[in-house]
Asks: 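This is the structure, below, for whatever I ask next.
Small disclaimer: the values here were computed from a predicted structure and weren't measured. Heavy atoms only: backbone and side chains are in, while hydrogens, waters and symmetry mates are out.
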Amino acid sequence: MKQSAIFYGMDIGPLTVTAEDDYIIGIDFEAISSVSCINVPVINEAFRQLSEYFAGKRKIFNLPMKLLGTDFQKSIWETLLEIPYGRTATYGDIAKTIGKRKACRAVGMACRRNPISIVIPCHRVIGVSGTLTGYGGGISTKAWLLGLEAKHIDGL
């Protein structure tokens with residue numbers, strides 16, 4: 001059974017965290033109107049860790065996740081987890097890492113479909129020229145998240 005709850009993450013606005021059984025399956029940049037959470041421990045833990053992240057006190061999340069997607073998408077999302085806090089990688093870098101040098105657009109599409117925003121850090125993926133490119137929460141949110149990490153990278 002799916003359970004969801006809304007979390008207000010500092011300056012970025014509402015986030016909806018969704019769990020299935022004891023796994024996080026989604027963190028979205030919107031408030032879902034039909035929230036059905038009844039004190040779900042894994043959602044409470046996600047809120048705690050997100051709060052620490054937004055306060056600059058957490059750089060690695062430790063949440064049980066169930067990735068719902070194709071094998072290719074899952075391989076991209078797992079690769080994104082390897083991008084260190086406060087650092088960035090290009091779509092080309094990710095494509096090379098998975099051994100598919102020409103798959104930059106496919107990497108971008110997998111990032112676009114990332115179901116667990118922030119925890120799976122697709123905000124750390126940038127264009128080849130260093131530009132901030134598409135992000136589910138908007139470019140301003142992507143810039144804010146990268147700025148937050150840059151501000152706190154030395155303090156962790």
Side-chain angles (χ1 to χ4, degrees), residues 3-20 22-33 35 37 40-69 73-98 104-105 107-156:
Q3 299 284 330
S4 299
I6 298 171
F7 170 78
Y8 288 88
M10 293 184 59
D11 295 335
I12 66 168
L15 294 170
T16 297
V17 177
T18 305
E20 184 176 276
D22 293 326
Y23 298 95
I24 298 296
I25 61 168
I27 298 178
D28 299 298
F29 285 101
E30 57 188 47
I32 297 174
S33 60
V35 174
C37 181
V40 178
V42 72
I43 291 178
N44 293 339
E45 180 60 18
F47 289 167
R48 186 182 72 73
Q49 290 188 29
L50 285 164
S51 293
E52 290 173 353
Y53 171 81
F54 290 128
K57 297 178 180 174
R58 173 174 289 277
K59 64 179 181 177
I60 298 171
F61 290 92
N62 183 18
L63 294 169
M65 297 182 288
K66 183 190 297 183
L67 300 178
L68 305 175
Q73 289 169 333
K74 290 176 188 177
S75 72
I76 298 301
W77 302 332
E78 290 167 2
T79 301
L80 298 180
L81 290 168
E82 297 172 16
I83 303 171
Y85 180 95
R87 304 286 186 248
T88 58
T90 67
Y91 296 95
D93 293 335
I94 303 300
K96 288 176 195 168
T97 299
I98 64 164
C104 296
R105 287 182 189 260
V107 168
M109 292 304 293
C111 287
R112 181 179 176 161
R113 291 190 173 95
N114 174 11
I116 306 176
S117 298
I118 302 172
V119 174
I120 298 176
C122 59
H123 61 277
R124 296 180 189 152
V125 183
I126 60 173
V128 68
S129 64
T131 57
L132 300 186
T133 56
Y135 186 63
I139 296 295
S140 61
T141 300
K142 185 174 193 165
W144 189 88
L145 291 168
L146 291 172
L148 173 76
E149 292 184 8
K151 179 179 168 183
H152 295 287
I153 192 167
D154 292 330
L156 296 176

Asks: Would you call L67 and E78 a side-chain contact if the rule is heavy atoms closer than 4.5 Å?
Replies: yes
Asks: Roughly how far apart are E82 CD and T97 OG1, rounded to 0.5 Å?
Replies: 7.5 Å
Asks: Can you name the nearest heavy-atom pair linking S75 to I98, along with the distance?
Replies: O-CG2, 4.3 Å
Asks: So, for I25 and P115, which heavy atoms are closest and what is the spacing to 0.1 Å?
Replies: O-CB, 3.6 Å
Asks: Is there a side-chain contact between Y23 and L68 in this structure, where contact means two heavy atoms from C-beta onward sitting under 4.5 Å apart?
Replies: no
Asks: Does any non-hydrogen side-chain atom of L145 lie less than 4.5 Å from one of F54?
Replies: yes
Asks: Please examine the side chains of Y85 and I153, heavy atoms only from C-beta on, and report whether any two atoms are closer than 4.5 Å.
Replies: yes
Asks: Are N114 and W77 close enough that some pair of their side-chain heavy atoms sits under 4.5 Å apart?
Replies: yes
Asks: Do N62 and E45 come within less than 4.5 Å of each other through their side chains, counting heavy atoms only?
Replies: no
Asks: How close do Y91 and G134 get, heavy atom to heavy atom, and via which atoms?
Replies: OH-O, 3.9 Å
Asks: Heavy-atom distance under 4.5 Å between the side chains of I24 and F61, does that happen here?
Replies: no
Asks: Are side-chain heavy atoms of C111 and L80 found at a separation under 4.5 Å?
Replies: yes
Asks: Looking at OG1 of T133 and CZ of R112, how far apart are the two atoms once the value is rounded to the nearest 0.5 Å?
Replies: 11.5 Å
Asks: In Å and rounded to the nearest 0.5 Å, what is the CG to OG1 distance from L146 to T141?
Replies: 11.0 Å
Asks: Determine, for R48 against E52, whether the closest basic-nitrogen to carboxylate-oxygen distance falls under 4.0 angstrom.
Replies: yes
Asks: Parallel under 30°, tilted from 30 to 60°, perpendicular over 60°: which one fits the rings of H123 and Y53?
Replies: perpendicular
Asks: Please report the closest heavy-atom contact between R124 and I83, naming both atoms and the distance.
Replies: NH1-O, 2.7 Å
Asks: How close do G136 and F29 get, heavy atom to heavy atom, and via which atoms?
Replies: C-CD1, 4.2 Å
Asks: Kindly compute the distance separating CD1 (I27) from OG1 (T18), expressed to the nearest 0.5 Å.
Replies: 9.0 Å
